[in-house]
Asker: 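The structure is given below, and queries will be raised subsequently.
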Amino acid sequence: MLDGMSLEQLIKRGEIVEGMTFNQKVWALCAQVPAGSVTTYGDIAQALGCNGARAVGNALNRNPYAPEVPCHRVVGSDGRLTGFAGGLPAKEALLRAEGVEVRNGRASLASRHHFAPVRVRLSA
DNA sequence: TATTTGACAAATC
DNA sequence: TGATTTGCCAAAT
């Protein structure tokens, strides 16, 4: 299973495979967002075919693969940072370091990332 | 098995 | 603008 690659490795590479839990898919999608870009909780939820933005937030809150899985690039639908396990100031600093504009606790959505439709790899 | 818990979001006022 | 309300959903209790 998993092509001999560890689940952790797949997630960090942003690859989604059948059998992954919702949270694992969230982490994998998050890993697809490049530095300098941002995405929203809602966008990730949609990419997974649901409107559970809150569930996405929960998953990221417990992200066990930080900082390889850059959950700081996920912001609210209006650009507000909304939350970060390491504290909002840290999230803001990370985003700025990557070139994302942050004003008044709000990130610019200009570099919003566009997810490709989730294609679950056929087993074996 | 049922309830509670959030790093959400859109609509309404 | 901001505050409130309601719908959403997987996980953890």
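So you know, we letter chains A, B, ... as the sequences are listed, proteins then strands, and number each from 1.
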Asker: Figure out the CG/C1' separation between A/L109 and B/dC8, and round it to whole Å.
Answerer: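 It is 14 Å, rounded to the nearest whole Å.
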Asker: Roughly how many Å is it from CG in A/L60 to P in B/dA9, rounded to a whole number?
Answerer: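 Going from CG in A/L60 over to P in B/dA9 covers 11 Å.
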Asker: Check whether any side-chain heavy atom of A/Y65 sits under 4.5 Å from a side-chain heavy atom of A/C71, and report yes or no.
Answerer: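 With C-beta onward as the side chain, the pair stays apart.
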Asker: Could you check whether any side-chain heavy atom of A/E98 comes within less than 4.5 Å of a side-chain heavy atom of A/R73, counting everything from C-beta outward?
Answerer: yes
Asker: Give me the atom names and distance for the closest heavy-atom approach of A/S111 to A/V100.
Answerer: OG-CG2, 4.5 Å
Asker: Does atom CZ (A/R96) have a neighbourhood of more than 12 heavy atoms from anything else shown, all under 6.0 Å?
Answerer: yes
Asker: Can you get from A/V33 to A/I16 by hopping between Ile, Leu, Val, Met, Phe, Trp and Tyr side chains that sit under 4.5 Å apart?
Answerer: yes
Asker: Decide yes or no for A/L81 and A/R106: does some side-chain heavy atom of the first lie under 4.5 Å from some side-chain heavy atom of the second?
Answerer: no
Asker: Show each protein N/O and nucleotides 10-13 of chain B N/O combination with a separation under 3.5 Å, one pair to a line.
Answerer:
{"residue": "B/dA10", "atom": "OP2", "partner": "A/S77", "partner atom": "OG", "Å": "3.4"}

Asker: Whole angstrom is fine here: how far is it from CH2 in A/W27 over to C1' in C/dA11?
Answerer: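 In whole Å, C/dA11 C1' lies 10 Å from A/W27 CH2.
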Asker: Where do A/M5 and A/L10 come nearest, in terms of heavy atoms and distance?
Answerer: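 In terms of heavy atoms, the two residues are closest at SD-CD2, 3.4 Å.
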Asker: Report the stems of DNA chain C as range-with-range entries sorted by first number; a stem here is at least three consecutive pairs, Watson-Crick or G-U wobble, both distances under 3.5 Å, and write none if there are none.
Answerer: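 In DNA chain C, stems of three or more pairs: B:2-6 with C:9-13, B:8-13 with C:2-7.
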Asker: Quickly work out the A/M20 CE to C/dA11 C1' distance and round it to whole Å.
Answerer: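 Computing the A/M20:CE to C/dA11:C1' distance gives 17 Å.
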Asker: Which pairs count as side chain to side chain donor-acceptor pair (under 3.5 Å) when at least one residue sits in residues 26-40 of chain A, sequence neighbours excluded?
Answerer: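 Every side chain to side chain donor-acceptor pair (under 3.5 Å) pair that includes a residue of residues 26-40 of chain A, provided the two are not neighbours, is A/T40-A/D43.
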Asker: Got A/E8 and A/E68 here, is their nearest side-chain heavy-atom distance under 4.5 Å?
Answerer: no
Asker: Hey, does A/V38 have a side-chain heavy atom less than 4.5 Å from the side chain of A/V74?
Answerer: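 Side chain of A/V74 against side chain of A/V38, heavy atoms only: no contact under 4.5 Å found.
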Asker: Do A/E92 and A/H72 have a side chain donor and acceptor closer than 3.5 Å?
Answerer: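 Not at all, the side chains of A/E92 and A/H72 share no donor-acceptor pair under 3.5 Å.
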Asker: Any side chain to side chain donor-acceptor pair (under 3.5 Å) pairs touching residues 47-60 of chain A, not counting sequence neighbours?
Answerer: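 Listed by first then second residue: nothing to list.
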Asker: Expressed as a whole number of angstroms, how long is the span from A/R62:CZ to B/dT4:P?
Answerer: 17 Å
Asker: Between A/Y41 and A/T82, is there a side-chain heavy-atom distance shorter than 4.5 Å?
Answerer: yes
Asker: Nearest-Å distance, CG (A/L94) to P (B/dA7)?
Answerer: 18 Å
Asker: For DNA chain B, find the residues of residues 35-45 of chain A with a heavy-atom distance under 4.0 Å and give them by number; none if there aren't any.
Answerer: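 When residues 35-45 of chain A is checked for heavy atoms under 4.0 Å from DNA chain B, the hits, listed by number, are A/T40, A/Y41, A/G42.
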Asker: Quick one: A/N63 CG to B/dA7 C1', roughly how many Å, whole number?
Answerer: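 Going from A/N63 (CG) to B/dA7 (C1'), I get 11 Å.
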Asker: Using whole Å, what does the distance between atom P of nucleotide B/dA7 and atom CG of A/L29 come to?
Answerer: 20 Å
Asker: Under 3.5 Å between N/O atoms: give me all the protein pairs with nucleotides 6-10 of chain C, atom names plus distance.
Answerer:
{"residue": "C/dG7", "atom": "O6", "partner": "A/R54", "partner atom": "NH1", "Å": "3.1"}
{"residue": "C/dC8", "atom": "N3", "partner": "A/R54", "partner atom": "NH1", "Å": "3.3"}

